[in-house]
Peer 1: 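The structure that follows is given in the form of structure tokens.
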Amino acid sequence: MYTEQVMDHFTNPRNVGEIKDANGVGEVGNMKCGDIMRIYLKVNEDEVIEDIKFRTFGCAAAIATSSKITEMVKGKSISDALKVTNKQVAEELGGLPAPKMHCSNLAADALKKAIENYQANRAKQR
Amino acid sequence: MYTEQVMDHFTNPRNVGEIKDANGVGEVGNMKCGDIMRIYLKVNEDEVIEDIKFRTFGCAAAIATSSKITEMVKGKSISDALKVTNKQVAEELGGLPAPKMHCSNLAADALKKAIENYQANRAKQR
Amino acid sequence: MRKVYLDHAATTRLNEEVLKEMLPYLTEHFGNPSSIHSYGRKARAAIEEARERVATALGAAAEEIIFTSGATEANNLTIRGIARALREKGNHIITSAVEHHAVYDTCLALQKEGFDVTILPVDEYGMVSVNAVADAITDKTILVSIMLANNEVGTIMPIAEIGKLCRERGIPFHTDAVQAIGNIPVNVDNLNVDLLSLSAHKFYGPKGVGALYLRKGTRLSVYHHGGAQERKLRPGTENVAGIVGLGKAIELAVKDLEPKANRIRALRDKLQEGLLAIEHTKLNGHPEQRLPGNLNVSILYVEGESLILSLDLKGIACSSGSACTSGSLDPSHVLMAMGLDHQTAHGSLRFSLGVDNTEEDIDYVLKVMPDIVARLRSMSPVYQGGSK
Amino acid sequence: MRKVYLDHAATTRLNEEVLKEMLPYLTEHFGNPSSIHSYGRKARAAIEEARERVATALGAAAEEIIFTSGATEANNLTIRGIARALREKGNHIITSAVEHHAVYDTCLALQKEGFDVTILPVDEYGMVSVNAVADAITDKTILVSIMLANNEVGTIMPIAEIGKLCRERGIPFHTDAVQAIGNIPVNVDNLNVDLLSLSAHKFYGPKGVGALYLRKGTRLSVYHHGGAQERKLRPGTENVAGIVGLGKAIELAVKDLEPKANRIRALRDKLQEGLLAIEHTKLNGHPEQRLPGNLNVSILYVEGESLILSLDLKGIACSSGSACTSGSLDPSHVLMAMGLDHQTAHGSLRFSLGVDNTEEDIDYVLKVMPDIVARLRSMSPVYQGGSK
Ligand SMILES: Cc1ncc(COP(=O)(O)O)c(C=O)c1O
Ligand SMILES: Cc1ncc(COP(=O)(O)O)c(C=O)c1O
């Protein structure tokens, strides 16, 4: 059903947890469909993602895509990070089962929300 | 499917053939349903069935019931022979498969026709 | 790695004795039962013997048993067959909110086609009330279909009482007994049912074969067309080996039912106690009126598929009512009908025990479970206890 | 006693290699393919491999294959599924007078439900004419269903041409290919078909499993309701072992098809020559456009069931189109549609050869046949030569 990469990220997820002093937080999903992803960002002065963590309630695909995206964007600029799509995340994991492409492939959306939250916070600070 | 008795009468039918100087002949069935039975009688002065023969085009049940009835009524008076029913013939054979009860269980009808033919012949002679 | 199969409600391992009886019909006795030569007669005889066995197990007559490709087909045949046969008498059908999709979705389809369908609610334990059935019956009711035991939470319905009610009103009554056979006594007269569906693979028989019990005198329209097999009610060359397997499997399933069920229930109770000792867990289904092998628990703050896969990595097989395992976006309609909120439904796990399970199996599950739950909760954004 | 099986059109002996591939799915790999744990995934993978094999054999894509309980179900699913899906577009269905009952009777049932059904006649060889199809098509035609090869007389229909015609008119075209698989080449693109039915037990696979090929983009309404199996078009727990068997059987069936068919045809021709040497006999079916293993002859003045049982007593298995073997009062609708009179139809015998038949088998049949015919004719009131 799942690729080895998905199972790897599900069993050994990277960057699980919270960032206490995060400057960007984003959450997508809802309890109805059963997947909730929350992403915490620590973006530095140069607009580079210095640290990123996630918490996810959901199936293996949801956990793996969350884990994968944190790995993909850690150390990247937020403008590069914004270019990452859900589809790319799935591809990096060797693909997802068809029914999971829609419901559990939301990590890029969560990241986008976290970056927007960071930008909003920044704007307020100015 | 068929009882041993049916198979016995099918494989070793009693009284197959014609009676050249028959004084009663009866036929039932038609080509549409696929069974034709013809019974030849030789009835003596005392109205006893001295000889009986049959020819049948049909399935094993049709052949066996024809054979069985000739065995049952040979040597009997025609009034006794007329009492034999299709159901009795089937019973004497240990029963017939349900779908055969209707279409291939006609021997008593053929016998009845043969006796009627004998009676009509007699009436004409007088 | 230890392998522990706790998904007997999904399917069971074929019993070796059953396979042994099937094998000759997969090899030398390969005739088509409709053929009148010796090959055909051999196959025909085997089918009729299996029919006798199924009838005996259910307290029915052989001619009341129709073989099908499974319970899904038996359920569809029942609902469409009765709806069509009795269309002149009325257009009202009663069923419950916790039926298997083979009943539930077929009733919904008939609703779209203009039938009046009453879907009875269930209580928090998944139980249909006899009074609700009584209240729902009208002059136009042509069928009541309520399952004997639920496949997700194991709740056992008051079928005999509902059947009595239907009998009094002259309404055909169907029960989906798929989960009950081999786990609780099933007798068509005691249960007052007119139609009953079953599927062999749920009681250590082969997959792809089932049966419909159809009480003598109950009208049913033809649904499939084809050859004259199964009194034309279910045409198609018979799955001879499968039917032979069904016959043997049901014979074995009803044998020593009581001691088998007691043993399984004891193991189940032990598993239940151990799992409910984990905090933030909840039992789903009726505390007593429940199949002996069924244990459905919700593990709050985590999602079912993650749990299943984590257990699978430890060699343990079970299932969940989570949306992620159902192929749809919504969690189990059974759990939702019982009033569970989405989160509790998503976190549900169903363990279903069978005759081969041992005390060691249960000990093993109870040993690995706490860590799995803790790990997934530590990742969960909805688990407060998990925040560091 | 020598046993000679010449009823391969009724069913075939399960190939040993096929059984070998099935057995693990009747023992250790018993999971439900819908389960997401390892037991389920193992079963799922086996089904998907079988799907690939079926697709490869037919020149189709895997996702175009739907597993069913047999061809009867595939035919019903096709006709009801298309009729419902395209009801808005039209209500006209075209089929032939020599279809299997699973197609023929389903079309008649739809006729009763208000559909306009054209049943095309056949010529004396059982052949449907392409022109007749062309003439029958109207703006309201939503389905054409013509079998690839007839099961009684073996006549092979001009499916590619009919398919071309339907394609040009944008009408879904179905063929019942049950008798063709493993006997003649079957490729869905060469045949220009949109739907195609098959049944495993006709080509040395297990009974109770079949498939429907459904060309991508062809609309089909759901017919059964239940779980999400087979894209919801055919719900119900999959007959995993059966599906695995179907996959292997079709792989083997299409392998070395040409030499196998040539060998069988040579034996068939020998049998044909020998039987037609008996006086008052007649070949049924097309002299050339016919399945290599099919031989249908009428033995005048005698009835088919008596012939079959007499042959059976000698260890020879074959079949007949006689009413006495069909469960109805009328002889085969196929033979009648070909214009045979009742007597000729009642006296029909079908020998259908398979891969295991030998020259000795044929010699044996030809040796015992004359006496059997003579004996039955001597009993027949319609045989003049028989009067002494
Ligand atoms: C031409 C044809 N179509 C359909 C069928 C039905 O196949 P099954 O009985 O396996 O469903 C058969 C065999 O009986 C057949 O010969
Ligand atoms: C209660 C119930 N009804 C019907 C079915 C359908 O059985 P099958 O998939 O064997 O057709 C099942 C099993 O999936 C079930 O649990």
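Labels below follow one simple rule: chain letters A, B, ... track the order of the sequence lines, proteins then strands, and each chain is numbered from 1.
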Peer 1: Between chain C and each of D:Pro206, D:Gly227, D:Gly31, count heavy-atom pairs under 4.5 Å; write down the option with the most.
Peer 2: D:Gly31
Peer 1: Where does C:Thr12 contact chain D at under 4.5 Å (heavy atoms): side chain, backbone, both or neither?
Peer 2: backbone
Peer 1: Taking side-chain hydrogen bond (donor to acceptor under 3.5 Å, both in side chains) as the criterion, tell me which of D:Thr72, D:Asn75, D:Asn150, D:Asn151 meets it with D:Asp176.
Peer 2: D:Asn75
Peer 1: Which one, C:Asp312, C:Leu108, C:Asn15, leads in non-hydrogen pairs under 4.5 Å with chain D?
Peer 2: C:Asp312
Peer 1: Among the options C:Ala10, C:Gly210, C:Gly315, C:Gly245, pick out the one with the most heavy-atom pairs lying under 4.5 Å from chain D.
Peer 2: C:Ala10
Peer 1: Just to verify, what does D:Glu21 make a salt bridge (charged side-chain N to carboxylate O under 4.0 Å, His left out) with, not counting sequence neighbours?
Peer 2: D:Arg53, D:Lys248
Peer 1: Under a 4.5 Å cutoff for heavy-atom pairs, which residue among D:Thr68, D:Val209, D:Thr237 has the most contacts with chain C?
Peer 2: D:Thr237
Peer 1: Mind ranking C:Asn239, C:Val103, C:Asp7, C:Asn76 by heavy-atom pairs under 4.5 Å with chain D and telling me who comes out on top?
Peer 2: C:Asn76
Peer 1: Which class fits the ring pair C:Tyr39 and C:Phe30: parallel under 30°, tilted 30 to 60°, perpendicular over 60°?
Peer 2: tilted
Peer 1: Of the listed residues (D:Thr27, D:Val18, D:Ile243, D:Leu26), which shares the most heavy-atom pairs with chain C below a 4.5 Å separation?
Peer 2: D:Leu26
Peer 1: Can you say whether C:His201 sits under 4.5 Å from chain D via the side chain, the backbone, both, or neither, judging by heavy atoms?
Peer 2: side chain
Peer 1: I'd like to verify something: which residue of C:Glu16, C:Gln229, C:Lys207 has the highest number of heavy-atom pairs under 4.5 Å with chain D?
Peer 2: C:Lys207
Peer 1: Check this for me: does any side-chain nitrogen of one of D:Glu113 and D:Arg80 sit under 4.0 Å from a carboxylate oxygen of the other?
Peer 2: yes
Peer 1: Among residues at least two apart in sequence or on other chains, which ones pass side-chain hydrogen bond (donor to acceptor under 3.5 Å, both in side chains) with D:Thr95?
Peer 2: none
Peer 1: How long is the straight-line distance from OH of D:Tyr5 back to CG of D:Asn357, given to the nearest 0.5 Å?
Peer 2: 10.0 Å
Peer 1: Of the backbone (N, CA, C, O) and the side chain (C-beta and beyond), which part of D:Leu77 lies under 4.5 Å from a heavy atom of chain C, both, or neither?
Peer 2: neither
Peer 1: Under 4.5 Å from any heavy atom of chain D, what part of C:Tyr223 do you find: side chain, backbone, both or neither?
Peer 2: both
Peer 1: Inspect the contact between C:Glu238 and C:Arg44 and indicate whether a charged nitrogen and a carboxylate oxygen are less than 4.0 angstrom apart.
Peer 2: yes
Peer 1: Taking atom types as modelled and ignoring hydrogens, do the side chains of D:Thr106 and C:His225 form a donor-acceptor contact shorter than 3.5 angstrom?
Peer 2: no
Peer 1: Show the nearest heavy-atom pair for residues C:Ile316 and C:Leu6, with the distance to one decimal.
Peer 2: CG2-CD1, 4.3 Å
Peer 1: C:Cys318 versus chain D, heavy atoms under 4.5 Å apart: side chain, backbone, both or neither?
Peer 2: backbone
Peer 1: Where does C:Leu19 contact chain D at under 4.5 Å (heavy atoms): side chain, backbone, both or neither?
Peer 2: side chain
Peer 1: Please report the C-alpha distance between D:Arg350 and D:Ser332 in whole Å, then the side-chain angles of each, then the deciding distance to 0.1 Å, and finally whether the side chain to side chain donor-acceptor pair (under 3.5 Å) criterion is met.
Peer 2: CA-CA 12 Å; D:Arg350 179 188 68 186; D:Ser332 149; over 6 Å; no
Peer 1: In terms of heavy-atom pairs under 4.5 Å, which option from D:Glu73, D:His100, D:His29, D:Met22 contacts chain C the most?
Peer 2: D:Glu73
Peer 1: Which region of C:Ala317, side chain (C-beta onward) or backbone (N, CA, C, O), has a non-hydrogen atom less than 4.5 Å from a non-hydrogen atom of chain D, or is it both or neither?
Peer 2: both
